[in-house]
Amino acid sequence: MGKAAIYCRLSEEDHNKRAETDDSVSIQNQKTMLIQYAMEQGWEIYNIYSDDDYAGADRNRPAFNRLLKDAEAHRFDIILCKTQSRFTRELELVEKYIHGLFPIWGIRFVSIVDNADTANKGNKKSRQINGLVNEWYLEDMSENIRSVLDNRRENGLHIGAFALYGYKKDPAHKGHLLVDGEAAAVVREVFTLFAQGYGKTAIARLLNDRGVPNPTEYKRLHGLRYRQPEDRNSTLWKYYTIADMLANEIYIGNMVQGRYGSVSYKTKKNRPRPASEWYIVEGTHEPIIDRALWDRVQAMIRQRAKPFRTGTVGLFARKTRCAYCGYTLRSSKTRGRYYLRCPSRHIAKDACPGSFIAVDRLEQMVLAELKRLSDRYLDKDALAERVSVNAGLQEQKARLQAGIAAYRKRINEYAKGLRDLYMDKVKGVIAEADFIGLSASLSEEKKRLTMALEEAGRQLAAIEEHLQAGDNRRALIERYTNMERLTRGAVEILIDYIAVGKRIPGTRDVPIEIHWNF
């Protein structure tokens, strides 16, 4: 007898739940089928792992990850599923776990409907083909969903899970927005105050001092759907909240969507898209801001915008953080002198003690610390051994080398699969028509992997050339430990970030903590 772990996952096509607290009928059917099969085989059931309402490409399934953790600890001998696709639809995970780690951990994988069984070496090709088919299914489904959503965007229908602050979803017309009177009044006030000359930080502070809930808090209080922010001061209005609001065309009745797009159908991560790829449809809903006020505000924003400077102002851009709340410090200018300050300090009372330091003062402190390090390491050769100025390139090189090894392994596996498939055709195990279809799919994937291998090889050669030409650590150390002024390039190379505190009362000392890149 062996110990079997049963894994069930809800099919995306089956959402017929009887009650919110119950497992779906699909999950119950899977459990019944798998328990009966395990009993017929004489296997002891160790545990039943069940993920309800999770996609096959979701790697964050809680029961799935518990299953993998217990498998690595060898708490059971067999993983039993209805089909291989219930375990995963990703070919990458099929290769990683079913064909890679499970044999190492001594785990047998069995799926009863498609006859996948790692104890049967003869059906490895069918498991790989199943993996390919499931991968194609994922990609096709993603493309179909994207096509439907893009069509709705082109027609000006709102497809987001959350309505923009100032609006609410129309319950009688899916994809249409209605004005939320209470929130819309705040939006109008923000635009009016800015048009009257108030700055974005001043507007945020005014709203916070009056106790006006920010968009996220407003939705929470009114039982509306909202995205939970990660920052600790989530109930406060921020500079960036005001800035985003003043630039959003939805407030003049235009539907703007597609500003972010998914990186891949395999991940939920999104990235910004260029404005030329946005979906903008005019006049889809009632405006909150009239065109005259909108035009006046946009003209004022353009007048206030200044090109980013790479001199003293941008010396520590994105490199300094508040030691108390963790926010990136913002640059300001007073009487010809530049300062870095925490934005939280000015948006509400007692929000943060507030980091504050002059840029030139911080520059001198960094230079002094560099000199101290230089004096401490009198042996520059020893320092050169410790400092790795090309750490980022070394990491890229390591990733490329690992990728090249993986590509070669996969290519060899596909080549072997093609040979085995041909032998099956010769022996009459599979028909000629099936051989043509399967071999074409495997050949195409082998070709794609070969091209990826060649591209990775070119990238690796370029990085190695760059490392060979630029890995003169001694010269760099000499240059950066004898500087009289910092440069932006030096800051990028030497510093990860600097945590800045508040001036110690009665002194001119501002505590800082420099996190170096070495």
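Throughout, numbering of the chain's residues begins at 1 and tracks the sequence.
- Remark: A405 pairs with no residue by the side chain to side chain contact (heavy atoms under 4.5 Å, CB included) rule, at least two apart or across chains.
- With sequence neighbours excluded, the residues that form a ring pair (Phe, Tyr, Trp, His ring centres under 6.0 Å) with H176 are H173.
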Hey, can you pull the donor-acceptor pairs under 3.5 Å for the side chains in residues 244-252, sequence neighbours left out?
from : atom 1 : to   : atom 2 : distance (Å)
N248 : OD1    : I250 : N      : 3.0
E249 : OE1    : N254 : ND2    : 3.1
Y251 : OH     : Y165 : O      : 2.7

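- Ionic pairing of K69 and E72 is not present here: no N-O contact between side-chain nitrogen and carboxylate oxygen is shorter than 4.0 angstrom.
- In this structure, the side chain to side chain contact (heavy atoms under 4.5 Å, CB included) partners of P274, at least two apart in sequence or on a different chain, are S276, E277.
- Not counting sequence neighbours, the partners of E369 by the side chain to side chain contact (heavy atoms under 4.5 Å, CB included) test are R372, L373, I514, W516.
- No donor-acceptor contact under 3.5 angstrom links the side chains of R205 and Y239, judged on distance only.
- With sequence neighbours excluded, the residues forming a side-chain hydrogen bond (donor to acceptor under 3.5 Å, both in side chains) with T83 are S85, listed by chain and number.
- The nearest pair of heavy atoms linking D496 to K319 is O-CD, 3.4 Å.
- A salt bridge links E363 with R485; the closest basic N to acidic carboxylate O contact falls under 4.0 Å.
- Every residue two or more places apart in sequence or in another chain was checked for a side-chain hydrogen bond (donor to acceptor under 3.5 Å, both in side chains) with Y240, and none qualifies.
- Take D290 and apply the side chain to side chain contact (heavy atoms under 4.5 Å, CB included) test, not counting sequence neighbours, and it matches A292, L293.
- Residue pairs meeting the side chain to side chain donor-acceptor pair (under 3.5 Å) criterion with at least one partner in residues 179-191, sequence neighbours excluded, are D180-Y218, E182-H222, E189-R210.
- Residues passing the side-chain hydrogen bond (donor to acceptor under 3.5 Å, both in side chains) test with S332 are R341, sequence neighbours excluded.
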| Can F356 and Y339 be said to form a ring pair (Phe, Tyr, Trp, His ring centres under 6.0 Å), step by step? | CA-CA 7 Å; F356 181 85; Y339 297 88; 5.1 Å; yes

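- Partners of D70 under the salt bridge (Lys or Arg N to Asp or Glu O under 4.0 Å) rule, at least two apart in sequence or in another chain, are R75.
- When the side-chain hydrogen bond (donor to acceptor under 3.5 Å, both in side chains) test is applied to E454, no partner is found at least two apart in sequence or on another chain.
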